[in-house]
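Let me begin by presenting the structure, written as structure tokens, before commenting on it.
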Amino acid sequence: MRYAPFRWIAVGTATVTVAGLALAGPATAAPARQHAPVVRVNQVGYTPDSPKTAFAMLPRAVGAVRFSVVEGHTVVFRGRSSDDVGRWNANYRAVYRLGFSGLSRPGRYRIRIAADGGAWSPAFRIASGRALYQRLVRNGVRFFTSERDGGDVVHSVLDRKPANLTDRRARVYADPRYDSNDNLLGKFHKIGGPVDVAGGWFDAGGGYEKFAYTASYTDAIMLTAARDLPGAGPSLRREAAFGLRWISRLWNPARKVMYVQVGIGNGNASNTIQGDYNFWLLPQGEDRMNVSRGGHPGPTAYFVKYRPVFEAAPPGKPISPDLAGRFAADFALGAQLAVKTSPGRARHLLALARGVYAMAKTTGVRKIVTTFPHDYYPGTEWKSDMLWGAAEIALADEATGAPGPKLASDLQVAARWARAYIAQGHPAGGDTLNLYDNGAVAEGDLLQAMQQTSLPQPIPASALVDDLAAQLRVGEHWAKGDPFELGTGLGQSDATPHAFGLYITNALYQRYGGSAQYRAFAQQQLNFALGANAWGSSFVVGAGDVFPHCMQSEIANLAGSLNGRGRIQLGATTDGPSSAANFIGLGTVSGMRSCRAGHYRAFNTKSVGYEDNVVSWPSVEPADDYTAASLFAFALGAGGLG
């Protein structure tokens with residue numbers, strides 16, 4: 001789960017509770033009034049041969065729900081469902097699954113139900129994967145372009161301007177300490193620099209820090225999509241290369257030192273040192289700050305303008321294995337993509353991959369390094385990262401024509417970490433593919449490397465395929481009892497990226513020899529993220545008719561429209577529903593444009609809510625890792641691999 005316990009809370013302005021996120025009444029209470037029925041559907045659509053389901057939410061149970069699928073004014077499919085999959089909340093005491101897989105003819109449709117006065121779904125399409133998802137891949141790339149830092153920005157995307165140019169000569173500081181409330185303790189102690197860490201992507205919508213932990217995961221996912229799905233378009237490859245350039249600046253092979261963070265979100269409790277979350281402005285505004293005594297905002301904002309850089313470990317010392325594995329994956333993927341056009345660069349990148357991988361600390365690992373404070377991204381799993389790095393090195397060996405003994409050795413290393421990862425197990429209620437667990441993608445690429453060589457298999461392919469299935473079963477366990485079949489703990493974890501991650505996992509499972517037994521489950525994960533959920537919203541900007549308009553994104557809020565039309569941050573992917581506790585005490589920041597859209601209160605439960613409101617980071621803050629997952633899922637769908 002992503003934590004941001006002090007994001008936009010008590011930072012010099014009055015805090016307010018998010019209006020409208022009152023919880024639905026107790027499960028035993030009668031609703032105050034009759035709520036109209038609603039129909040929830042994947043608003044992007046379905047491929048002709050995919051399983052097709054939608055949901056009717058009713059205020060009370062009925063014997064059966066009759067429904068029709070309509071194209072224009074013509075009914076093209078009729079159905080009847082008595083499949084009541086469970087109560088949602090006090091307002092919607094019955095949810096019926098509507099199946100229409102028998103409809104395969106391409107077209108644009110809506111679903112109508114007649115129960116309790118009737119209701120219509122939003123429009124959706126039946127079309128090829130390419131027709132449905134190619135545009136969404138481009139939108140995802142555009143989101144990353146809108147999040148670029150440094151001087152290489154694209155002005156036509158939300159009028160972006162060069163920003164944080166002070167990162168070209170940034171200073172390195174000893175790793176900071178934070179208290180249990182994520183308040184900075186003590187002062188910063190300079191230990192090195194200047195270093196050039198300009199460029200890269202902002203980590204998430206509500207701040208301008210840059211983190212190696214998320215960027216290395218994000219870029220590896222994008223590089224994988226660019227490698228395996230060339231039909232995703234050249235813009236994806238270019239944007240992934242932009243991300244790799246920043247990753248390359250964070251690793252100094254001569255000094256064997258890795259830089260893992262640029263900037264701070266939280267300052268100290270007294271605000272004598274302010275962090276990025278104290279301000280709401282366009283990124284170029286940080287360069288324009290007057291941090292001299294008597295200036296505006298003054299010296300307390302020094303580390304917002306002149307952003308500190310932190311190391312993963314002292315030069316020459318072993319590096320946290322999550323970071324070493326991810327960086328190795330990035331460099332090795334870059335080598336695989338470069339080999340045809342620039343063999344010399346491919347060899348250089350592969351050497352970087354080997355060098356950083358060799359620095360991994362893999363014994364006596366206690367708390368891995370992610371971010372400062374660790375609470376922002378409280379990761380613990382790292383064996384999947386070591387597997388990922390080794391698998392990509394093996395694939396780069398094959399791409400560059402490495403000698404057989406070297407390839408065999410690297411495959412053995414990957415197999416060792418595959419066995420270690422599998423040995424951890426996948427208990428019911430555990431994690432699946434997302435920022436914190438990369439096992440599915442890593443196993444898929446080890447399978448690819450093994451398929452591409454005549455060398456003996458260092459681990460049975462069936463062991464890897466079976467482990468992909470085990471991860472899908474974890475998702476199925478989570479889905480039990482959830483009317484909308486979400487394969488993760490609703491409100492307990494990042495809902496949207498987990499949904500996309502399960503869709504990706506099934507695509508890899510089937511690609512490498514698995515059966516179609518999880519296909520309907522995986523399709524519903526995609527459906528959930530794109531509108532077939534209790535709130536009836538897609539959680540990807542520009543995907544479907546209903547999506548977030550009021551994201552907690554400084555760039556979207558200040559440079560874009562607030563009505564979901566025109567200048568919007570296309571492709572941005574948000575978390576969606578979140579634990580009700582996360583919405584308590586959220587507040588505004590000076591400069592924030594007020595924005596609230598949609599009517600979602602009736603669909604909240606005692607424990608989970610959703611709010612399209614600029615202050616509501618738990619629901620509508622876009623993030624790089626979220627968007628990387630959706631982009632990869634859409635690329636797989638466009639390539640017919642979903």
Side-chain angles (χ1 to χ4, degrees), residues 142-173 176 188 190-212 214-216 218-219 238-252 257-267 273-293 295-311 371-372 553-560 569 589 591 624:
R142 184 181 175 90
F143 167 77
F144 284 102
T145 305
S146 76
E147 289 287 298
R148 284 189 180 191
D149 195 19
D152 186 10
V153 297
V154 179
H155 303 297
S156 61
V157 179
L158 291 173
D159 195 30
R160 284 300 321 283
K161 301 289 194 296
N164 294 302
L165 301 183
T166 57
D167 288 350
R168 292 171 176 170
R169 292 183 57 82
R171 299 292 176 176
V172 183
Y173 294 82
F188 287 111
K190 190 184 301 181
I191 59 173
V195 294
D196 183 357
V197 290
W201 301 301
F202 305 124
D203 175 67
Y208 296 131
E209 316 96 296
K210 299 181 291 191
F211 300 128
T214 49
S216 55
T218 294
D219 202 45
R238 287 194 299 269
E239 198 61 32
F242 175 86
L244 185 60
R245 286 196 294 275
W246 189 66
I247 296 295
S248 300
R249 288 179 173 173
L250 301 184
W251 170 240
N252 185 324
V257 62
M258 178 187 291
Y259 306 114
V260 296
Q261 182 168 328
V262 181
I264 56 168
N266 290 6
I273 295 178
Q274 297 193 81
D276 203 85
Y277 298 154
N278 290 82
F279 300 93
W280 188 267
L281 71 174
L282 289 171
Q284 61 267 26
E286 295 189 334
D287 287 318
R288 299 169 185 167
M289 287 179 166
N290 183 342
V291 296
S292 60
R293 193 173 301 277
H296 180 75
T300 62
Y302 180 87
F303 292 106
V304 177
K305 179 173 183 175
Y306 299 102
R307 306 197 295 182
V309 177
F310 307 117
E311 299 172 341
T371 57
F372 302 103
S553 163
E554 292 170 270
I555 292 171
N557 181 252
L558 297 176
Q569 201 169 25
V589 179
D624 291 356

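FYI, the numbering just counts along the sequence from 1.
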* Only one of Asp287, Val309, Val197 passes side-chain contact (heavy atoms from CB on, under 4.5 Å) with Asp167; say which it is. =>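 So the option named by the test is Val197.
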State, to 0.1 Å, how close [X] and [Y] come at their nearest heavy-atom pair, and which atoms those are.
X: Lys210; Y: Gly199; answer: NZ-O, 2.8 Å
X: Phe279; Y: Glu554; answer: O-OE2, 3.4 Å
X: Asp219; Y: Ala240; answer: OD1-O, 2.8 Å
X: Pro297; Y: Ala301; answer: CG-CB, 3.5 Å
X: Ile555; Y: Pro283; answer: CG1-CD, 4.0 Å
X: Ala163; Y: Asp149; answer: O-OD1, 3.2 Å

Side-chain donor/acceptor of [X] to backbone N/O of [Y], under 3.5 Å:
X: Asp196; Y: Ala198; answer: yes
X: Arg171; Y: Lys190; answer: no
X: Ser146; Y: Phe143; answer: yes
X: Asn252; Y: Val257; answer: no
X: Arg307; Y: Tyr208; answer: yes
X: Lys161; Y: Gly285; answer: no

State, with a plain yes or no, whether a side-chain heavy atom of [X] is found less than 4.5 Å away from one of [Y].
X: Leu282; Y: Asp159; answer: no
X: Pro162; Y: His155; answer: yes
X: Arg288; Y: Leu281; answer: no

For the [atom1] atom of [X] and the [atom2] atom of [Y], what is their distance to the nearest 0.5 Å?
X: Trp246; Y: Tyr259; atom1: CH2; atom2: OH; result: 13.0 Å
X: Glu286; Y: Asp276; atom1: CD; atom2: CG; result: 4.5 Å
X: Phe202; Y: Asp624; atom1: CZ; atom2: CG; result: 10.0 Å
X: Ile264; Y: Asn278; atom1: CD1; atom2: CG; result: 8.5 Å
X: Tyr277; Y: Glu209; atom1: OH; atom2: CD; result: 3.5 Å
X: Lys305; Y: Asn290; atom1: NZ; atom2: CG; result: 7.0 Å

* **Donor-acceptor pair between Asn557 and Trp280 side chains, under 3.5 angstrom** =>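 Checked: Asn557/Trp280 side chains pair up, N/O donor to acceptor below 3.5 Å.
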* Pair Thr214-Asp203, side-chain donor/acceptor within less than 3.5 Å ->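 Looking only at side-chain atoms, Asp203 and Thr214 do form a donor-acceptor pair, the distance falling under 3.5 Å.
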* Test of ring centre spacing under 6.0 Å for Phe242 and Phe144 -> no
* Any residue meeting side-chain contact (heavy atoms from CB on, under 4.5 Å) with Thr300, in chain and number order, not counting sequence neighbours ->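 By the side-chain contact (heavy atoms from CB on, under 4.5 Å) rule, Thr300 matches Gln274.
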* Inspect the contact between Glu239 and Arg142 and indicate whether a charged nitrogen and a carboxylate oxygen are less than 4.0 angstrom apart. => no
* Taking only residues two or more places apart in sequence or in another chain, which ones pass side chain to side chain donor-acceptor pair (under 3.5 Å) with Gln261? -> none
* Phe188 CZ: over 12 foreign heavy atoms closer than 6.0 Å ->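 Yes, enclosed.
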